[in-house]
Amino acid sequence: MLELRAITAGYDPHAPAVRDASLTVSPGEAVGLLGPSGCGKSTLARVAALLLRPDSGSLLLDGEPVRRWRHRAPRAQRTAVGVVFQQPRLSADPRLRLRDIVAEPLRATGRRAEAADRTAELAAAVGLTSDLLHRRPHEVSDGQLQRACLARALVLRPRWLICDEMTAMLDASTTAALVAVVEDYRRDTGAGLLAVGHDQVLLDRWCDRTVHWADLGRAEPGTGRPRPAA
Ligand code: ADP
Ligand code: ADP
């Protein structure tokens with residue numbers, strides 16, 4: 001299970017973007033997190049992806065609390081969660097070719113030997129041709145770059161995938177294609193999904209259950225911690 005327990009997090013400890021938010025994603029489960037722009041969804045997604053240390057509360061992966069964050073997190077925890085953000089241009093190194101963007105996590109974890117095979121496998125899954133794999137970000141569309149970012153998120157076979165507005169900038173056919181890639185990955189691996197977004201129709205179609213931001217922590221079974229009023 002991926003458990004966010006009573007998370008308070010943000011960029012200014014006196015005015016946290018997220019207050020006391022609790023949410024659990026079980027293995028194989030697809031959970032949608034729905035809320036208006038600016039409410040704190042991305043901040044919570046960054047905590048769940050081990051990219052932002054919360055001010056208080058805890059993140060547990062299969063019962064193990066995360067104690068160190070970002071590159072200091074233990075490899076087993078860092079690689080257990082994959083993440084895709086809304087804007088591929090902000091999360092992909094503009095100097096790299098797409099094939100190296102996809103392979104980045106393999107290099108970072110000393111698994112360079114697998115890079116060629118695994119990149120080819122993922123490129124086929126997300127629909128990137130070898131021509132596109134040799135291009136750099138400025139030579140491809142947002143949708144093509146987002147395909148590479150999704151491949152990067154899956155390359156280490158994470159047990160949880162966080163999709164933070166992954167398709168918000170994409171057209172309908174690319175959206176459908178990327179959602180299908182995630183569904184196939186989940187079916188093959190039993191991974192859990194946290195899909196963050198503002199489009200209830202998409203989240204309801206995609207996910208087993210959709211949690212509204214305003215209800216975070218309240219309706220969660222097992223967290224044992226009701227959200228305080230005010
Ligand atoms: P959402 O994903 O729901 O749109 P965010 O988590 O991105 O919401 O933002 C929540 C709040 O935190 C907003 O008020 C936003 O302006 C602020 N915020 C987001 N990112 C940063 C940042 N890097 N530095 C400072 N404030 C930020
Ligand atoms: P630090 O600044 O603490 O060294 P980094 O920014 O390098 O941390 O991020 C740590 C890890 O998180 C790296 O493996 C990096 O690839 C990953 N990461 C950071 N930001 C993003 C992002 N926007 N999209 C995808 N992965 C990211």
Side-chain angles (χ1 to χ4, degrees), residues 2-25 29-61 66 68-73 78 81-94 137 142-143 145-146 149-150 152-153 158 160-171 174-175 178-179 182 192-220 223 225 227-228 230:
L2 182 154
E3 297 170 76
L4 292 155
R5 288 195 189 161
I7 297 289
T8 293
Y11 314 93
D12 171 2
H14 302 293
V18 173
R19 278 177 207 271
D20 203 27
S22 297
L23 180 69
T24 299
V25 183
E29 190 184 27
V31 179
L33 176 57
L34 181 74
S37 180
C39 70
K41 303 183 298 297
S42 291
T43 303
L44 190 63
R46 288 170 55 78
V47 172
L50 286 76
L51 294 174
L52 178 68
R53 174 195 284 278
D55 299 322
S56 63
S58 45
L59 167 65
L60 290 90
L61 300 178
V66 173
R68 291 155 77 80
W69 301 77
R70 299 171 75 92
H71 61 280
R72 291 173 211 84
R78 203 160 28 106
V81 185
V83 61
V84 189
F85 294 100
Q86 177 172 1
Q87 298 190 47
R89 287 185 201 283
L90 298 183
S91 77
D93 186 331
D142 281 347
L145 190 54
Q146 191 68 307
C149 289
L150 176 55
R152 175 180 62 184
W160 293 277
L161 180 66
I162 319 264
C163 295
D164 180 6
E165 298 271 15
M166 176 177 74
T167 61
M169 309 209 357
L170 308 179
D171 61 36
T174 309
T175 295
L178 293 194
V179 167
V182 172
L193 169 70
L194 178 60
V196 173
H198 63 276
D199 180 345
Q200 179 149 20
V201 174
L202 177 67
L203 291 183
D204 284 347
R205 208 166 0 134
W206 192 8
C207 298
D208 303 318
R209 64 186 172 105
T210 303
V211 180
H212 291 253
W213 182 262
D215 298 328
L216 260 192
R218 246 188 238 141
E220 279 295 306
T223 57
R225 202 169 183 300
R227 191 182 169 86

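We count ligands from 1, going down the list as the structure has it; atoms in each ligand are counted the same way.
Using a 4.0 angstrom heavy-atom cutoff, Ala45 does not count as in contact with ligand 1. Look at Gly38 and you'll find a heavy atom under 4.0 Å from some atom of ligand 1. The shortest separation from a heavy atom of Cys39 to ligand 1 is under 4.0 Å, placing the residue in contact.
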(request) Given side chain to side chain contact (heavy atoms under 4.5 Å, CB included), test Val25 with Trp160 step by step and report yes or no. (result) CA-CA 8 Å; Val25 183; Trp160 293 277; 4.1 Å; yes
(message) Apply side chain to side chain contact (heavy atoms under 4.5 Å, CB included) to residues Phe85 and Val196 and explain how you reach the verdict.
(response) CA-CA 9 Å; Phe85 294 100; Val196 173; over 6 Å; no
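Between Leu216 and Ala21, the closest heavy-atom pair is CD1-CB, 3.5 Å. Of all non-hydrogen atoms in Gly57 and Ile7, the two that sit nearest each other are C-CD1, 3.9 Å.
For the residue pair Asp204 / Thr210, a side-chain donor-acceptor distance below 3.5 Å is found, with atom types taken as modelled.
Within the 4.0 angstrom cut-off, atom 2 (O) of ligand 1 has one or more protein heavy-atom neighbours. Within a 4.0 Å radius of atom 22 (C) of ligand 1, the protein has at least one heavy atom.
Nearest to atom 6 (O) of ligand 1 among the protein's heavy atoms is Thr43 OG1, 2.6 Å. From the protein, the heavy atom lying nearest to atom 12 (O) of ligand 1 is Ala17 CB, 3.5 Å. Taking atom 8 (O) of ligand 1 as the reference point, the nearest protein heavy-atom neighbour is Gly40 N, 3.1 Å. Among protein heavy atoms, atom 7 (O) of ligand 1 sits closest to Ser42 CB, 3.5 Å. The protein heavy atom nearest to atom 24 (N) of ligand 1 is Tyr11 CG, 3.5 Å.
The stretch residues 32-42 participates, sequence neighbours left out, in no salt bridge (Lys or Arg N to Asp or Glu O under 4.0 Å) pair at all.
Taking a cut-off of under 4.0 Å to the non-hydrogen atoms of Pro36, the atoms of ligand 1 that pass are 3 (O). Counting atoms of ligand 1 from 1 in the listed order, those under 4.0 Å from a heavy atom of Ser37 are 4 (O).
Counting only distance, with no hydrogens or angles, the side chain of Thr24 and the backbone of Glu3 share no donor-acceptor pair below 3.5 Å.
Counted within 6.0 Å of CZ on Arg89, heavy atoms from surrounding residues, nucleotides or ligands total more than 12; the atom is thus considered enclosed.
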